[in-house]
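Atoms considered below: every heavy atom in the structure, side chains included; atoms not considered: hydrogens, waters and symmetry mates. Treat the numbers as computed from the prediction; the structure is a model and nothing was measured.
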Amino acid sequence: MIVELSHRITDGMITYPGVPGPTLGVHLSREDSREVYAPGTEFHIGTITLAANTGTYLDTPHHRYADGPDLSQVPAAKLADLPGLVVRAADRREVVLDQGLDVRGRAVLIHTGWDRHFGTEAYFDGHPYLAPESAAWLAEQGAALVGIDSLNIDDTPPRGGRPAHTILLGAGIPLVEHLTGLAELPQEGFRFHAAPPMIAGMGTFPVRAYAVVVP
């Protein structure tokens with residue numbers, strides 16, 4: 001079974017306050033393409049302008065560190081077919097992880113339920129985030145990837161620090177923010193996938209995140 005874990009990207013949607021929404025357009029319309037191809041043959045070629053932090057997206061170390069690996073330099077093995085673990089953290093603003101969990105080599109997905117607010121003003125205020133000490137513990141334990149179904153893996157006060165980003169990306173651990181659908185996953189027994197295009201010089205980009213539940 002495949003479980004969808006991504007938000008749809010639509011024209012003008014706002015993912016994060018202050019980040020512009022995407023603009024969808026047309027390079028070649030079906031009508032115009034009729035002048036290019038044989039009778040009865042038509043195509044549509046669309047365009048999109050978007051900020052890299054749109055929808056459900058991946059952070060690579062380059063997002064935080066100028067000399068960190070970018071989207072084209074993080075191996076696919078760190079982004080796809082990872083054994084997954086869901087941590088249930090509903091009704092908690094600061095998420096502190098149980099240090100008895102086996103997280104080594106796993107995609108650790110933090111299920112807060114905050115995705116229920118996506119697309120509304122409520123999504124932007126008072127969102128859950130990962131406690132800095134838990135981020136440090138995940139790095140020490142060798143988690144493969146960390147994801148969350150919230151606005152940010154860090155708390156986001158004005159001019160605030162970003163300790164989880166700093167710790168995890170500094171340890172070479174990719175992050176996936178704005179996940180959805182984690183309620184549909186078992187705690188374990190699934191493989192997680194979230195690979196972006198190989199774009200040089202960029203640290204973040206939307207992904208089609210999903211999980212394959214092992215029978």
Side-chain angles (χ1 to χ4, degrees), residues 2-33 42-66 68-74 76 78-80 107 109-129 145-156 158 160 162 164-165 168-169 174-184 192-211:
I2 296 177
V3 179
E4 177 66 65
L5 303 176
S6 301
H7 291 288
R8 292 175 67 237
I9 293 176
T10 59
D11 188 74
M13 67 180 282
I14 300 299
T15 301
Y16 194 95
V19 176
T23 301
L24 277 68
V26 178
H27 171 68
L28 181 67
S29 70
R30 297 189 187 280
E31 293 74 18
D32 290 343
S33 77
E42 62 183 39
F43 294 94
H44 175 275
I45 301 177
T47 63
I48 184 169
T49 301
L50 54 71
N53 291 38
T54 295
T56 302
Y57 55 80
L58 177 98
D59 292 349
T60 67
H62 190 69
H63 178 49
R64 174 66 178 81
Y65 298 98
D70 63 21
L71 293 165
S72 69
Q73 296 168 326
V74 175
K78 287 193 170 187
L79 308 171
L109 310 181
I110 302 168
H111 173 215
T112 71
W114 201 251
D115 57 325
R116 67 187 182 275
H117 298 302
F118 190 84
T120 73
E121 288 296 320
Y123 189 71
F124 305 134
D125 297 315
H127 66 88
Y129 62 93
L145 177 149
V146 180
I148 192 168
D149 59 353
S150 180
L151 178 76
N152 202 292
I153 201 165
D154 277 301
D155 196 10
T156 55
R162 296 291 189 269
H165 280 83
L168 293 168
L169 295 178
L175 306 176
V176 181
E177 294 172 310
H178 309 279
L179 286 164
T180 189
L182 296 181
E184 299 180 43
F192 180 72
H193 304 256
M198 293 178 65
I199 304 174
M202 291 185 67
T204 64
F205 206 77
V207 292
R208 183 75 179 261
Y210 63 93

Name each donor-acceptor pair under 3.5 Å that joins a side chain in residues 199-210 to protein atoms two or more places apart or in another chain, with its distance.
from: Thr204; atom 1: OG1; to: Asn53; atom 2: OD1; distance (Å): 2.5
from: Arg208; atom 1: NE; to: Glu4; atom 2: OE1; distance (Å): 2.7
from: Arg208; atom 1: NE; to: Glu4; atom 2: OE2; distance (Å): 3.3
from: Arg208; atom 1: NH2; to: Glu4; atom 2: OE1; distance (Å): 2.8

Quiz item: Rounded to the nearest 0.5 Å, what separation is found between the CD atom of Glu177 and the CG atom of Asn152?
Solution: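 These two atoms lie 4.5 Å from each other.
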
Quiz item: Roughly how far, to the nearest 0.5 Å, is the OH atom of Tyr129 from the CG atom of Leu151?
Solution: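 Leu151 CG to Tyr129 OH: 13.0 Å, rounded to 0.5 Å.
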
Quiz item: In chain order, what residues pass the salt bridge (Lys or Arg N to Asp or Glu O under 4.0 Å) check against Glu184, with sequence neighbours excluded?
Solution: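 By the salt bridge (Lys or Arg N to Asp or Glu O under 4.0 Å) rule, Glu184 matches no residue at all.
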
Practice problem: For Asp155, enumerate each residue passing the salt bridge (Lys or Arg N to Asp or Glu O under 4.0 Å) test, keeping only those at least two apart in sequence or located in another chain. | Solution: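 If we apply the salt bridge (Lys or Arg N to Asp or Glu O under 4.0 Å) test to Asp155, skipping adjacent residues, the hits are Arg93.
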
Quiz prompt | Expected output: side-chain Asp115 to main-chain Gly181 donor-acceptor under 3.5 Å | solution =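 Between the backbone of Gly181 and the side chain of Asp115 there is a qualifying donor-acceptor contact (under 3.5 Å).
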
With sequence neighbours excluded, what pairs up with [X] under the side-chain contact (heavy atoms from CB on, under 4.5 Å) test?
X      : answer
Glu121 : Phe124
His117 : Trp114, Thr120, Ala122, Tyr123
Ala211 : Leu5, Leu185, Phe190

Could you work out, with ring pair (Phe, Tyr, Trp, His ring centres under 6.0 Å) as the rule, every residue matching [X], not counting sequence neighbours?
X      : answer
Phe192 : none
Phe43  : Tyr37
His62  : none
His127 : none

Quiz item: If we ignore angles and hydrogens, is there a donor and acceptor under 3.5 Å between the side chains of Asp149 and Thr180?
Solution: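 No, Thr180 and Asp149 have no side-chain donor paired with an acceptor closer than 3.5 Å.
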
Quiz prompt | Listed once per pair and sorted, the salt bridge (Lys or Arg N to Asp or Glu O under 4.0 Å) pairs that draw on residues 45-61, sequence neighbours left out | solution =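 Found none.
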
For residues 7-28, dump all side-chain donor-acceptor pairs below 3.5 Å to protein atoms at least two apart in sequence or in another chain.
from: Asp11; atom 1: OD1; to: Leu24; atom 2: N; distance (Å): 2.7
from: Thr15; atom 1: OG1; to: Gly55; atom 2: N; distance (Å): 2.8

Quiz item: Any side-chain heavy atom of Leu79 sitting closer than 4.5 Å to one from Pro196?
Solution: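 Of all side-chain heavy-atom pairs linking Pro196 with Leu79, at least one is under 4.5 Å.
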
Locate the shortest heavy-atom distance separating [X] from [Y]; write the atom from each residue and the value.
X      : Y      : value
Ile110 : Val146 : CD1-CG1, 4.2 Å
Pro69  : Val74  : CB-CG2, 3.9 Å
Pro174 : Leu58  : CB-CD1, 3.9 Å

